[in-house]
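Below, read A as the first sequence line, B as the second, and so on, with proteins coming before strands; counting in each chain starts at 1.
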2 protein chains.
Amino acid sequence: MPKEPGPASGEQARQLALTRLRQAILHGEMAPAQRLVENELAEQFGVTRASVRAALIELESEGLVERIRNRGSRVRVVSVDEAVAITECRMALEGLCAAKAAVTAGDGQLDRLTEVGEAMTKAVADGEPMLYSDLNHELHALIREFSGQQTAVSLLERLNGQLVRHRFQLALRPGRPQQSLSEHLAMIDAIRARDPQAAEAAVRSHLASVIEALRG
Amino acid sequence: MPKEPGPASGEQARQLALTRLRQAILHGEMAPAQRLVENELAEQFGVTRASVRAALIELESEGLVERIRNRGSRVRVVSVDEAVAITECRMALEGLCAAKAAVTAGDGQLDRLTEVGEAMTKAVADGEPMLYSDLNHELHALIREFSGQQTAVSLLERLNGQLVRHRFQLALRPGRPQQSLSEHLAMIDAIRARDPQAAEAAVRSHLASVIEALRG
DNA sequence: GCCAACAGGATTGTCAACGATTCTGTTTGC
DNA sequence: GCAAACAGAATCGTTGACAATCCTGTTGGC
């Protein structure tokens, strides 16, 4: 395995290790439950063990890795039950964000939502589930962003990080994008109508449907 | 300053530093925005700097301390606006917990809630705001616990950690306990009635009142 | 043949020291 | 008198090595 080139100038070792590791986990390059040996990672990223260690501690409190005393670190696997519980929290928090976004979003931001909605419609029509999944992610991110609720946003990003694997699994299920599409469009419409209650309700009902799909 | 005695046997250095520091911040022993110098803390807790450092990294991602590159760590101060945003998230998440608790709590657990409610009533009658504040905290903790929603609980504990200072400030405001008491009793009644919607609504309206008080 | 005790290897936890960066108070030039 | 440059101190970031702990495969006894 080739040794990593020098970090993007100025980036500190710990930061680099953190970014790389998080990316690797989120992109699924690390198998679930894979052992994460500090020494190996250190060599792979071209940093020292202490930096890797610091990154692992941070990722542990983000819920992405699991650390056991004197036993090492592993990529955390979330069970279906956990995924459901996490999505229930998302229901509560994204509902809040959608309601806020319906009130505070600017007109340009609303147009942005419309664009994404159209792209999603096209992705479903063309039968591109992975593209749809990406747009799905983007839509939720935009709603979070437009809400201006920094606290809720950081909580939600933490939660979403734990769901990567389940998200892919869900997107590839046949028929799922079609059902999900109409729910997403309803969310967009409610926000564009600047109706906070309808927006919250639309988000909650969408995520309730996600929960059902997870369980199914 | 006396040097700390040895840790409770078996507790590792990093864990010890983490626990101690968190306790100190939560109990208000560290002034807000106080500088947290790694060397001083290391000597004070009788551990090495590396352990303190690891603890600080963890506390940073819990939102209790703020770290700036090459500038050191500080106790994070949350502005009123942030406190409001945090409480809005609590509204969403504790609402979820209350609804779940109303369905899943056992009878013994419901009795426990009743007890706390009575103790709160007594504390207000006796004019003991600090005792009331503690019971307040306990009540919310019980509802979280009874919900069985582990994910939501850990998010909420993180959020609550950031509000310590504001909580004390609020509890000592004249007239506040009286208003808060009836809201708390309404929450308890709704859960005891096993009515999830009413429980969620009661929690939300209580926290909305907290937000108003924070802003006032 | 099976279970317990035991050595070997691997991995993490901890430590003390070095180097890099940033702030603070002072001095110098205008 | 004031702004900019400078030296000094303080503090964090990083490194490499050592000690403690735990798993694994093996051996010996029953």
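Inspection of the A/Gln162 and A/Arg76 side chains reveals an N or O donor paired with an N or O acceptor under 3.5 Å. A donor atom on one side chain and an acceptor atom on the other are found under 3.5 Å apart for A/Glu183 and A/Ser209. If you check the side chains of B/Ser73 and B/Arg53, you find no donor sitting under 3.5 Å from an acceptor.
Comparing D/dC12, D/dT14, C/dT12 by their closest approach to the side chain of B/Asn70 singles out D/dC12. Each of D/dC12, D/dT11, C/dC15 was ranked by its minimum atom distance to the side chain of B/Arg35; first place goes to D/dT11. Proximity note for B/Ser51 (side chain, C-beta onward) versus D/dT14, D/dG13, C/dC15: the nearest is C/dC15.
A/Gln15 places its CD atom 17 Å from the P atom of D/dC12, with the value rounded to the nearest Å. Across the protein-nucleic acid pair, A/Leu56 atom CG and C/dT11 atom P stand 14 Å apart, rounded to whole Å. We find that CZ of B/Arg74 is positioned 14 Å from C1' of D/dC12, with the value rounded to whole Å. Here C/dG13 presents its P atom at 11 Å from CD1 of A/Ile68, a figure rounded to the nearest Å. Spacing between atom CZ of B/Phe45 and atom P of C/dT14 amounts to 15 Å, rounded to whole angstrom units. Per the geometry, CD belonging to B/Glu38 stands 14 Å off C1' belonging to C/dT21, to the nearest Å. One atom, CG of B/Asn39, and another, P of D/dG13, lie 12 Å apart when rounded to the nearest Å. The CD-P distance, from A/Glu43 to D/dT15, rounds to 14 Å in whole Å.
As judged by a 4.0 angstrom heavy-atom cut-off over every strand, B/Leu36 is placed among residues touching the sugar-phosphate backbone only.
Among residues two or more places apart in sequence or in another chain, the side chain to side chain donor-acceptor pair (under 3.5 Å) test is passed with B/Arg167 by B/His137.
Of the side-chain N and O atoms in B/Arg71, one or more sit less than 4.0 angstrom from OP1 or OP2 of C/dC23. A close approach under 4.0 Å does not occur between any side-chain nitrogen or oxygen of A/Arg14 and OP1 or OP2 of D/dG13. Applying the 4.0 Å criterion to OP1 and OP2 of C/dG13, one finds that A/Arg53 has a side-chain N or O inside that range.
Comparing A/Ala50 and B/Ser73 along DNA chain D, the residue whose closest nucleotide (by nearest heavy atom) sits nearer the 5' end is B/Ser73.
A salt bridge is absent between A/Arg49 and A/Glu40: the closest approach of a Lys/Arg side-chain nitrogen to an acidic carboxylate oxygen does not fall below 4.0 angstrom.
With hydrogens and angles ignored, a donor-acceptor pair closer than 3.5 Å exists between the side chain of A/Arg49 and the base of C/dG13.
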